[in-house]
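Within every chain, numbering begins at 1; the chains are lettered A, B, ... in the order of the sequence lines, protein sequences first and strands thereafter. What you see is a predicted model, and the numbers here were worked out from it, not measured in a lab.
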Amino acid sequence: MNAAPAAASTLTGLILTSTNRQSLIKSLLCPSIYWTPLLVDTILKQLWNHGPKALQFFHILLHNHPTYVHSASSFDHAIDIAARLRNYATVFTLLDRMRSLRLHPTPKTFAIIAERYVAAGKPDKALKIFLSMHQHGCLQDLHSFNTILDVLCKARRVEKAWNFFKVLRGRFQADVISYNIIANGWCSIKRTNMALETLKEMVDRGLNPSLTTYNIILKGYFKAGQIEEGWKFFLEMKRRKCEIDVVTYTTVVHGLGVVGEIKRARNVFDEMVNDGVLPSVATYNALIQVLCMKDSVENAILVFEEMLRKGYAPNSTTYNVVIRGLCHREQMERGMEYMDRMRDDDCGPNVQTYNIVIRYFCNAGEIERGLELFEKMSGGNCLPNLDTYNVLISAMFVRKRSDDMLVAGKLLVEMVDRGFMPRRLTFNRVLDGLLLTGNQGFAKEILRLQSKCGRLSKQFKL
DNA sequence: ATAGGGTTAG
């Protein structure tokens, strides 16, 4: 029994529509609301794309509620949001608050902060926070070492991860997972040779590569466009009777498909069943995606239907891939039908789904339909993200209408209000647009907003 | 939230 999600949506709506802090406090402290960590976490996730509101909500419970005490996981969410807003002062206040409540920050907490630092272009800050974990009551171990390596690699700071790794691998006794993380990092920036080098060094140190290691290298070949090398590697994996799995097959289906080798991709897909390995939803998604890209959306939909017949439950990725395929072939209305099917299934359209259809409507010149969908998001429980705002604001410039400039300005104000930092280019386009259409007053307002944003980002630069 | 397979378009 879990009523949290439904109750959460109602409360999220309340928080989003409130304009007065005092009355929001009064509503949230209403004794009939039974606060639980799950409920709080659910609301924080729903408010993810409205950082300031999420933090306001978190702070009200933290400071104004007489009895409720936040869980460590809610603190992690709040820290994540504050760090994404580059509000590092709040991050450290919350860390201290966790300690004073005897909720220990976990390695996960530090992984979150490190990830945000890296995303903000401060990888050295990320390393520093990792090295100071023990000062915050959290011990460093191999797990957290691997996590920080992965954070750097996922942000494409592979060189930095590799150097850090070389310094500390002895102290933390790096294992197969550490090496896999580094190898995967090299593959993600298409430096397959460095991945192979890493693999070799791992073997020299007496560590045995795992199936995951081979799957990483396999993917690396395809990612770097070394299709035949990837193919040979796959055959070698099979020949050596290495127990290849569904991930291996999915990698090959996708890798062959993206370069247009549809027939070979399909052969591999058929072959896996004969080899006694069942496709997963991800395998279907890979095949459907490459059919959309390199074959036809009709054939992709045949596979989609086949997947349903076989009892698989499509997820939001499946739908998004199909919807994108349809939109790309100018079949917007069919795309919208699949969006409705998503609602009937358990996975409602997510922000990516909206971004896809909004983008294609705008590209097709149907800007009103794009805005209509945007309004639908604002009213529901799928808040627009940075991409949504960027797509819509750009679309406001195609018709060269004065009214559209006002909408662009309004969207820009709203995105800043929700904690998103527009690029300088976006500011300048909107400013130019408003000035050229005689909206000097609004332009001045935007200019003030821009300098406020500039000051904020400077203030938070540590 | 210690590692591997599906998500834009430019």
Of the nucleotides B/dG6, B/dT2, B/dA1, which one has an atom closest to the side chain of A/Glu115?
-> B/dA1
Ring centres of A/Phe304 and A/Tyr319 under 6.0 Å apart?
-> yes
Crowding at CZ, A/Arg399 (>12 non-hydrogen neighbours, <6.0 Å) | yes
Which of the following nucleotides, B/dT2, B/dA3, B/dT7, is nearest to the side chain of A/Arg324?
-> B/dT7
What does A/Thr283 touch in the nucleic acid at a heavy-atom separation under 4.0 angstrom: a base, only the sugar-phosphate, or nothing?
-> base
B/dT7 P sits how many Å from A/Tyr338 OH, rounded?
-> 19 Å
For atom P, what is the distance between B/dG5 and B/dA1, given to the nearest Å?
-> 15 Å
Mind calculating the distance between NZ (A/Lys219) and P (B/dA3) to the nearest angstrom?
-> 14 Å
Whole-Å gap separating P (B/dT8) and CG (A/Asn350) = 13 Å
Integer-rounded Å distance: B/dA3 P and A/Leu152 CG | 14 Å
Base, sugar-phosphate, or nothing for A/Thr317, non-hydrogen atoms under 4.0 angstrom?
-> base
Which of these nucleotides, B/dG5, B/dT7, B/dA1, is closest to any side-chain atom of A/Val321?
-> B/dT7
Pair of N/O donor and acceptor under 3.5 Å linking B/dG5 base with A/Ser280 side chain | yes
Rounded to whole Å, CZ of A/Phe130 lies from P of B/dA1 at a distance of 18 Å
Geometric class of the A/Phe130/A/Phe145 ring pair [parallel <30°, tilted 30-60°, perpendicular >60°] = tilted
A/Asn363 CG to B/dT8 P, in whole Å, measures 15 Å
Indicate, with a heavy-atom threshold strictly under 4.0 Å, whether A/Thr106 touches base, sugar-phosphate, or nothing.
-> nothing
So which nucleotide from B/dG5, B/dA3, B/dG6 ends up closest to the side chain of A/Asn315?
-> B/dG6
Below 4.0 Å: OP1/OP2 of B/dG6 and any side-chain N or O of A/His254 = yes
Answer with yes or no after comparing the ring centroid distance for A/Phe222 and A/His254 against a 6.0 Å cut-off, counting only values under it.
-> no
Per atom distances to the A/Val247 side chain, the nearest of B/dA3, B/dT2, B/dG5 is B/dG5
Syn or anti for B/dG6, taking syn as within 90° of 0?
-> syn
Do the two ring centres, one from A/Tyr68 and one from A/His70, sit under 6.0 Å apart?
-> yes
Reckon A/Leu142 touches a base, only the sugar-phosphate, or nothing at all at heavy-atom distances under 4.0 Å?
-> nothing
Looking only at side-chain atoms of A/Gln352, point me to the closest of B/dT7, B/dG5, B/dG6.
-> B/dT7
Distance in Å, A/Phe397 CZ paired with A/Cys362 SG, rounded so as to fall on 0.5 Å steps | 12.5 Å
Would you indicate what A/Ile356 reaches in the nucleic acid, counting non-hydrogen atoms under 4.0 angstrom: base, sugar-phosphate, or nothing?
-> nothing
Scan A/Asn355 against the nucleic acid and name what it touches under 4.0 Å (heavy atoms): base, sugar-phosphate only, or nothing.
-> nothing
Nearest to side-chain heavy atoms of A/Asn320, which nucleotide of B/dT7, B/dT8, B/dT2 = B/dT7
Using a heavy-atom cut-off of under 4.0 Å over every strand shown, decide if A/Val290 touches base, sugar-phosphate, or nothing.
-> nothing
Starting at atom CG of A/Asn208, determine the distance to atom P of B/dA3, rounded to an integer number of angstrom.
-> 21 Å
Base, sugar-phosphate, or nothing: which does A/Lys154 touch, judged by heavy atoms less than 4.0 Å apart?
-> sugar-phosphate
Would you kindly give the CG-to-P distance between A/Asp387 and B/dT7, to the nearest whole Å?
-> 16 Å
Kindly indicate whether the side chain of A/His104, heavy atoms from C-beta on, has any atom under 4.5 Å from the side chain of A/Cys138.
-> no
